Amino acid sequence: MESADTRISLELPGDSPTKLKPRPAQINFKDLEYSVTIKNAISQDSKKLSEKLFSKKAESKKKVILDQITGSFTPGRLTAIMGPSGSGKTSMLNLLSGRISSGKVEGNIWLNGRKADSGSLGLVSRFISQDDVMLSTMTVREVIEMAINFRVDGITPEELSRRTNEAITTLELDKCQNTLIGDTITKGISGGERKRTSIAMEMATDSSILFLDEPTSGLDMYTSSLVVKLLRYISRSGQTVVSVIHQPSSDIFKLFDDIVLLSEGKIVYFGPQEELVDYFSKLGFTCPNFTNPADFVFTDVLNLNEAELEQMNLEKFSGSKADYRVLKINDLAEKWINSEQYRIIKEKVENPLLDPLNESNFTSTVSPSRQFVLLCRRAAKDIFRNKLVLRARLIQSIAISLVMGIVFYKSNNKPVNTIIQNFEGSLFFGIVSQFIPVAISVLSTFGSGKFVFQREYQNGYYKTKPYFFSKILVELPVQVICPIIFSAISYFMIGYRGSFTKFVIHTAAMILLSLTSFSLGIFASTFFDDLSVALAILPLILIIPMIFSGFLVNSGDTMDWIGWLQWISPIKYAFTIVSTNQLRGYVINGQNLGDTNLKALNLGPFGILACFGFVALFFIIFTISGYLGLERFSRKSTLQHSSQSTKKIKAVLLGPPDDIFKK
Ligand SMILES: Nc1ncnc2c1ncn2[C@@H]1O[C@H](COP(=O)(O)OP(=O)(O)OP(=O)(O)O)[C@@H](O)[C@H]1O
């Protein structure tokens, strides 16, 4: 698979030579320190329990996560970041890929000799996270096509197909290209195929830097090896590929060109993979024959070996094993800084590749209107393929309307008092049935889709607005059709008053309320970060408007201090519409019982039209709140740690090299 030469062309077979390609990009960093402030840490020095429990004095502690690291990631090479758990691997990857959301970064980063920071690197790299969240209803081919479509403006169908085929072939996804991604309920592609698909999504569009967080986690040996071979292949096209890797087998280890070894946030080795064993043997750590170098490093070098444990006892070291290990790591880090290999790396950092970058180095997205069109198409497909959910919604509407129709069957032919009671009861029940289930079902579907949104948003596929409005637009027909089905069945079975206008008003109220509930569900899903918290709180938010609907408690009989809640209950306005629609002027046996009972309900001063206005207002308020909630969520998902604007970042990266590199 791999061509022996390590050409730096950043072209894959079939690429048009005339097209502007991203330039190879070298990432250099010097004395980089990343620290966080841990607030409210209880002082370990506080001996008394009372002091620990009741001390109001908030303590802040600086925690250094990456300690003065220096290194260089070279185009055309595959680099592994390795180290024990908690050593800072993910932090290093996140910092260099623009995914740090908090903490303080000191030191320097350069991209081809141009000053960069975490945020600017986020604009020129692709990142493949450990959790491959993808829309379960799409096929492998479709998600790859989607990734390209969102990023390449004006792509022709032929070019789209060529790039997709190329990614599929390169990542050996031919056999499963038309298989659904799937989820825990619907079985789809395997874990390895999933991982390769998420790599394919990122490699199908041009980029010069690819970061991966543990791409082999959860994969068997064969698939892990396949994934790393693919990464090596991708790097050979001139990309700078950096991956965090967790204890690789010796075969996989040998596929990497460079190794960064981290421990306690410090670098203890950074250089060619084949020189690692030799480097440590010079420090007195001998890798036994036929031993996986990665295992050797973890057990003998980064942990305390037998001899060191003995030495610790001999020295009568007063601290713990962990403390002794920290001393060892500090010593290794110091030896690294004084090594010949470090000198070579430092020289590389001080004499970087100075080739200019170009516009195509920056990750791009299509226009918001195109994003909207693509998202609408995708959301529509998702609805139709999610047959279970669609069917459940339709069955729910039909079942509730049939139950109501049967229970309140031909209520208009019942004795006088029963007619009024049944009308009021069924109207209330109908309203509630369009309000409560809708919000809860939207909450769970929109809430779980939020994580796909988060991944795609972070990877720069689209913005919040096109996503939000595409979701609303595509869901709207379902939210309109279901109440129509509900009304069409129940209205005539119950025997409500027969005029067409009354039926239209009744159905319109159901539709508007269902839409309001739909937007309330969206608001709850975006407002609460945790779906289970939202599911616990939402019923409370739904029950209060129900109590103050005007049916359960007479609106004229509630205490002033709590009675105002009726005016913020969309159910109350919808109930007022349908009750007024049915009862006003309803003469039974020569008596105007409708008006008498309507008056007794004390529903308030507002007529049908005003109440439609109020429900519509709730719909608008919840929709805007839902959008703001999603904006807040996306802001939290924006991990780029840059104080500069995109325009300024581009000007710096496309400009001349940093003054210190000018000869
Ligand atoms: N924002 C933060 N606030 C506080 N501590 C943090 C933060 N980010 C990372 N850390 C700490 O920094 C250390 C390094 O974390 P990191 O996730 O980078 O380690 P890692 O090597 O990737 O570990 P693992 O292999 O277990 O994923 C850990 O002790 C972690 O608890």
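Every number for a ligand or one of its atoms is a count from 1 in the order of the listing. Just so you know, these numbers come straight off a predicted model, no measurement behind them.
Ring centroid separation for the pair Tyr342 and Tyr269 does not come in under the 6.0 Å cut-off. In this structure, the ring of Phe73 has its center less than 6.0 angstrom from the ring center of Phe29.
Under the 4.0 angstrom criterion for non-hydrogen atoms, Gly265 is not in contact with ligand 1. Heavy atoms of Ser87 approach ligand 1 to within less than 4.0 angstrom. Not a single heavy atom of Gly83 sits closer than 4.0 Å to an atom of ligand 1.
Of all atoms in ligand 1, numbered sequentially from 1 with element shown, those under 4.0 Å from a heavy atom of Ser91 are 9 (C), 15 (O), 16 (P), 18 (O). Applying the 4.0 Å criterion to heavy atoms of Pro84 picks out, from ligand 1, the atoms 21 (O).
At a cut-off of 3.5 Å, with distance as the only test, a side-chain donor of Ser532 or Asp530 sits close to an acceptor on the other residue. Residues Ser281 and Thr286 bring no donor and acceptor atom of their side chains to less than 3.5 Å of each other.
Between Tyr279 and Trp336, the two ring planes are perpendicular [angle over 60°; tilted spans 30° to 60°]. Note: Phe127 and Phe211 have tilted aromatic rings, judged against thresholds of 30 and 60 degrees for the angle between ring planes.
In this structure, atom 26 (O) of ligand 1 lies nearest to the protein heavy atom Ser85 OG, 2.5 Å. The protein heavy atom nearest to atom 9 (C) of ligand 1 is Ile65 CD1, 3.5 Å. If you check which protein heavy atom lies closest to atom 17 (O) of ligand 1, you get Thr90 CB, 3.8 Å. For atom 25 (O) of ligand 1, the nearest protein heavy atom (residue, atom name, distance) is Lys89 NZ, 2.8 Å. Of all protein heavy atoms, the one closest to atom 14 (C) of ligand 1 is Gly86 O, 3.4 Å.
For Lys63, every heavy-atom contact with ligand 1 shorter than 4.0 Å involves the side chain, none the backbone.
Atom NZ of Lys465 sits in a sparse spot, with 12 or fewer heavy atoms from other residues, nucleotides or ligands closer than 6.0 Å.
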